[in-house]
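The next block holds one structure in the form of structure tokens; read it before the comments.
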Amino acid sequence: MPFFTSPDDVRERLAATGYLADDAIATTVFVADALGKPLLVEGPAGTGKTELAKAVATAAGAGMVRLQCYEGLDEARALYEWNYRKQLLRIQAAGDQAWEETHDDIFSEEFLLSRPLLTAIRQTDPTVLLVDETDKADVEVEGLLLEVLSDFQVTVPELGTIEAVRRPFVVLTSNATRELSEALKRRCLFLHVDYPDAEREKAIVMTRVPEVVEDLAEALVRTIRTLRALELKKAPSIAESIDWARTLVVLGVADLDEEAVARTLGVVLKHSSDHVRATKELGLA
Amino acid sequence: MSDDAATTEPGGLIDRHVSFMGALRTAGLPVSMAESLDGGRAIAAIDLLEREQLRAAYAAAVVKHAAHRPAFDRLFDLWWPAAVGDGHDDGEAADGEGALDDAEPIDLDALRTELRDRLRDVLLSGDDEALRRLAREAVNGLGRAEGGQPGRQSWFTYRVLRAMNPDTLMASLLESVLFGKERGGLAEKVARQMITERIKQFEEMVESEVRRRLAEERGAETIAKTAVKPLVEQVEFLRASRDDLAALRRQVHPIARRLATRLTAKRRLGRSGRLDVRRTVRASLSTGGVPLTTIFKPHKPHKPELVVLCDVSGSVAAFAHFTVLLAFALREQFAKVRIFAFVDTTDEVTRFFERGGDVVDALQRMSSEADVVWYDGHSDYGHSFEIFAQKWPDAVGPKTSFLVLGDARTNYRAPALPALRSVVRQARHAFWLNPEPRQYWASGDSAAATYGEVMPMVECRNVQQLQEFVEGLLPV
């Protein structure tokens with residue numbers, strides 16, 4: 001049962017949660033929802049990829065299950081694990097019970113620890129499954145995701161195959177620190193989230209920081225775009241724009257002139273060399 | 001697998017879809033059968049009349065690399081054009097005022113002035129839709145020429161851009177944006193950036209409009225062949241334009257990061273070190289002393305030193321710059337990185353690339369402050385190698401990976417093989433990276449063959465090849 005009825009519906013309902021989607025984002029979310037395919041969102045850090053998944057969950061009134069990926073993430077942390085300590089206790093407590101019985105007993109629901117992927121699949125309510133920073137995980141984890149994402153089922157050898165009662169809406173995010181495998185990409189719809197255009201960025205800043213006046217937001221967004229055009233190590237993303245707006249509001253800056261920019265540049269640029277470069281190119285200091 | 005939704009559409013749509021997929025594949029996008037089917041399902045799920053939604057739905061299904069997106073967009077515009085003919089989509093299309101007969105005398109100058117005035121207003125207001133309409137009108141009015149064969153028309157981007165000359169509007173636009181504010185400061189920088197961005201947008205719109213008109217005349221397939229630019233990773237260093245080079249420099253850190261990630265993954269897969277007894281015993285406590293999980297000490301990779309000797313003369317400077325930047329971005333993978341540059345004599349330039357230093361600045365200082373010219377500023381490999389061996393005899397040792405970057409074009413001077421040979425003998429590995437295509441190596445003043453006998457020479461024409469080489473070089 002899809003969450004949304006049209007791309008415009010997606011856009012309106014996401015906007016109601018405070019996430020301003022453009023045409024591409026709204027359409028892609030709608031298509032992923034309509035086709036029941038996982039959505040792989042890729043883009044620079046701080047462009048609202050994780051935020052999108054949260055907004056979809058809120059807009060659809062669905063619960064969210066999150067799997068945060070990291071180096072060394074394995075099946076036991078992503079899918080399920082047998083609670084072997086409890087099993088050990090059970091065996092020790094069995095006394096002279098027949099092994100056959102004990103064996104059947106210790107491999108039952110009671111001893112199964114469900115991890116995010118299995119949890120999401122067994123969910124009977126509408127669910128959004130967020131697999132965050134997929135590129136941080138090892139290649140083997142992708143193999144694991146393949147089974148889950150293409151058939152929405154998990155095989156536990158001792159219990160058999162567990163099929164999804166209700167397919168979760170899956171969002172995978174990636175910062176593209178490495179290429180994900182072709183097999184995984186093929187099973188997903190792909191959305192590249194880049195820095196938004198000036199209009200949308202202004203709207204985002206004003207939604208997130210309502211205290212900021214329109215003129216200041218406009219000047220801020222234009223300055224950010226100028227910074228992005230420089231050759232920087234890390235170009236400022238939307239997260240930085242929002243932080244900057246907050247900082248300016250707190251400092252009570254009304255006019256974004258050279259002095260104000262120079263004073264607050266540290267909020268936007270996180271490398272000292274970028275700082276030096278921006279100061280020089282923009283004629284600050 | 002049947003595709004009910006799509007088959008109910010008129011046959012024309014499926015043909016269009018299939019030929020579009022074909023064009024994407026021809027342009028080098030790996031579109032699989034499954035993705036093509038997804039594309040079909042995706043467009044069946046949305047309203048086909050909403051063009052941007054159609055574009056997004058297609059892109060989601062078939063474009064899985066951000067780098068492929070520009071190619072996709074260009075082909076999409078050709079296969080699913082925004083308008084037909086001169087763009088009056090209200091039935092009377094071709095007969096409207098756009099169908100200006102070439103016989104009919106039109107005042108081109110008046111048209112030009114009118115369009116320029118409107119362009120100025122639109123650039124100021126930043127209205128995308130108006131800008132697109134204007135681009136369409138400009139191409140229609142100014143870009144047309146009779147083609148080679150009678151009755152065929154052709155459209156040219158440069159005609160439109162020369163007539164409109166949007167760059168010359170900058171001064172007057174700046175005036176309006178800044179009204180009265182002092183010039184030269186931050187405000188001007190920001191305004192200038194905004195205007196430049198919009199002008200570029202207009203130029204792109206004109207280009208895409210021209211491609212659309214050409215496609216109508218000659219068929220989308222014909223235009224598709226020339227419409228798609230090579231990916232950044234495949235741009236040849238020796239032919240890269242200034243924009244390409246800036247794009248390349250932006251790629252340095254992402255590439256370094258990708259290489260480092262892949263390397264860590266490879267290391268983990270490789271042999272791990274000895275059993276970590278302490279941690280294994282500690283872990284066994286929770287399982288009643290049974291060591292269910294064994295823990296191994298990580299294997300410590302040995303880190304080589306990297307010495308790069310690069311030709312920074314005009315012809316190959318771009319290649320040297322990029323490679324040096326990459327070497328520095330990867331410096332954590334090496335025990336030490338030293339860079340030497342030469343044109344006809346050698347100087348150490350490591351000092352310009354100190355940690356965190358600014359990239360563009362470093363490159364500028366390298367070319368202006370380093371002492372690399374001795375005689376006439378033409379590449380002299382022989383003299384440079386001799387100086388290198390003489391002045392820095394200890395630079396290359398048994399732990400060093402030694403790289404020479406250059407096209408090996410000696411201007412017919414002596415190659416100084418003995419000096420190079422002795423350096424190579426001291427090194428652990430030595431490679432020569434040559435940005436020239438392999439088939440030119442033996443031609444003219446290239447000493448590639450001679451040097452190739454001293455140390456293995458690797459063709460390194462684009463980022464992709466460089467990436468492959470570096471990946472092999474890094475220690476596992």
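In what follows, chains carry the letters A, B, and so on, assigned in the order in which the sequence lines appear, proteins first and then strands, with residues in each chain numbered from 1.
Contact count against chain A (heavy-atom pairs under 4.5 Å) is highest for B/Ala60 among B/Ser286, B/Ala60, B/Ala61. Most heavy-atom pairs under 4.5 Å with chain B, from the set A/Ala26, A/Ala219, A/Pro7: that is A/Pro7. With respect to chain B, the highest number of heavy-atom pairs below 4.5 Å among A/Ala32, A/Ala235, A/Ala229 belongs to A/Ala229. The choice from A/Leu256, A/Leu232, A/Thr223, A/Leu191 that makes the most heavy-atom pairs within less than 4.5 Å of chain B is A/Thr223. Per-residue heavy-atom pair counts under 4.5 Å with chain A were compared for B/Ala34, B/Ala66, B/Ala191, and the maximum is reached by B/Ala66. When each of A/Leu189, A/Val261, A/Asp194, A/Asp135 is checked for heavy-atom pairs under 4.5 Å with chain B, A/Leu189 comes out on top. The greatest number of non-hydrogen atom pairs below 4.5 Å with chain B, out of A/Leu40, A/Leu35, A/Leu39, is found for A/Leu35.
Under the ring-ring contact (aromatic ring centres under 6.0 Å, His included) criterion, B/Tyr58 pairs with B/His17, B/Phe20, B/Trp80, sequence neighbours left out. For B/Gln464, the side chain to side chain donor-acceptor pair (under 3.5 Å) test picks out B/Gln234, with sequence neighbours left out.
Nearest heavy-atom pair, A/Thr27 versus B/Ile46, reported as atom, atom and distance to 0.1 Å: CG2-CG2, 4.2 Å. Across all their heavy atoms, A/Glu182 and B/His65 have their closest contact at OE2-NE2, 3.4 Å. Nearest approach of B/Ala56 to A/Thr28, heavy atoms of both residues: O-OG1, 4.1 Å. Summarising the geometry of B/Gly288 relative to A/Leu88, their closest heavy-atom pair is N-CD2, 4.5 Å, with the distance given to 0.1 Å.
Neither the backbone nor the side chain of B/Glu50 has a heavy atom closer than 4.5 Å to any heavy atom of chain A. Contacts of A/Lys234 with chain B are absent, with no heavy-atom separation under 4.5 Å from either backbone or side chain. Contact of B/Ser32 with chain A is made through the side chain alone, with heavy-atom distances under 4.5 Å. Proximity to chain B (any heavy atom under 4.5 Å) is shown, for A/Arg186, by both the backbone and the side chain. Looking at B/Ala57, the atoms closer than 4.5 Å to chain A (heavy atoms on both sides) sit in the backbone and in the side chain alike. Contacts between A/Asp197 and chain B at a heavy-atom distance below 4.5 Å are absent for every atom of the residue. For A/Asp257, the part lying under 4.5 angstrom from a heavy atom of chain B is the backbone only. If you measure heavy-atom distances from A/Ala34 to chain B, the contacts under 4.5 Å come from the side chain alone. In this structure, chain B has no heavy atom under 4.5 Å from any part of A/Leu184. When heavy atoms are compared at a cutoff of 4.5 Å, B/Leu292 approaches chain A solely by way of its side chain, counted from C-beta outward. With a 4.5 angstrom heavy-atom cutoff, A/Ala198 does not touch chain B via any of its atoms. If you measure heavy-atom distances from A/Leu227 to chain B, you find no contacts under 4.5 Å at all.
Within a 6.0 Å radius of CZ in B/Arg351, other residues, nucleotides and ligands contribute more than 12 heavy atoms. Sparse packing is recorded around CZ of A/Arg77, with 12 or fewer heavy atoms of other residues, nucleotides or ligands lying under 6.0 Å away. The local environment of CZ in B/Arg282 is sparse, with at most 12 non-hydrogen atoms from other residues, nucleotides or ligands closer than 6.0 Å. The number of heavy-atom neighbours closer than 6.0 Å to NZ of A/Lys270, taken from other residues, nucleotides and ligands shown, is above 12.
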Verdict with supporting geometry, A/Glu281 and B/Lys189, salt bridge (charged side-chain N to carboxylate O under 4.0 Å, His left out): CA-CA 9 Å; A/Glu281 295 270 331; B/Lys189 291 262 164 49; over 6 Å; no
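One finds the NZ atom of A/Lys37 at 3.5 Å from the CG atom of B/Asp38 (value rounded to the nearest 0.5 Å). Separation of atoms CZ (A/Phe190) and CZ (B/Arg69) is listed at 9.5 Å; rounding is to 0.5 Å. Rounding to the nearest 0.5 angstrom, the gap separating the CZ atom in A/Arg222 from the CD atom in B/Glu197 is 10.5 Å. To the nearest 0.5 angstrom, A/Glu199 atom CD is 9.5 Å from B/Asp127 atom CG.
A side-chain donor-acceptor contact under 3.5 Å links B/Lys64 to the backbone of A/Cys188.
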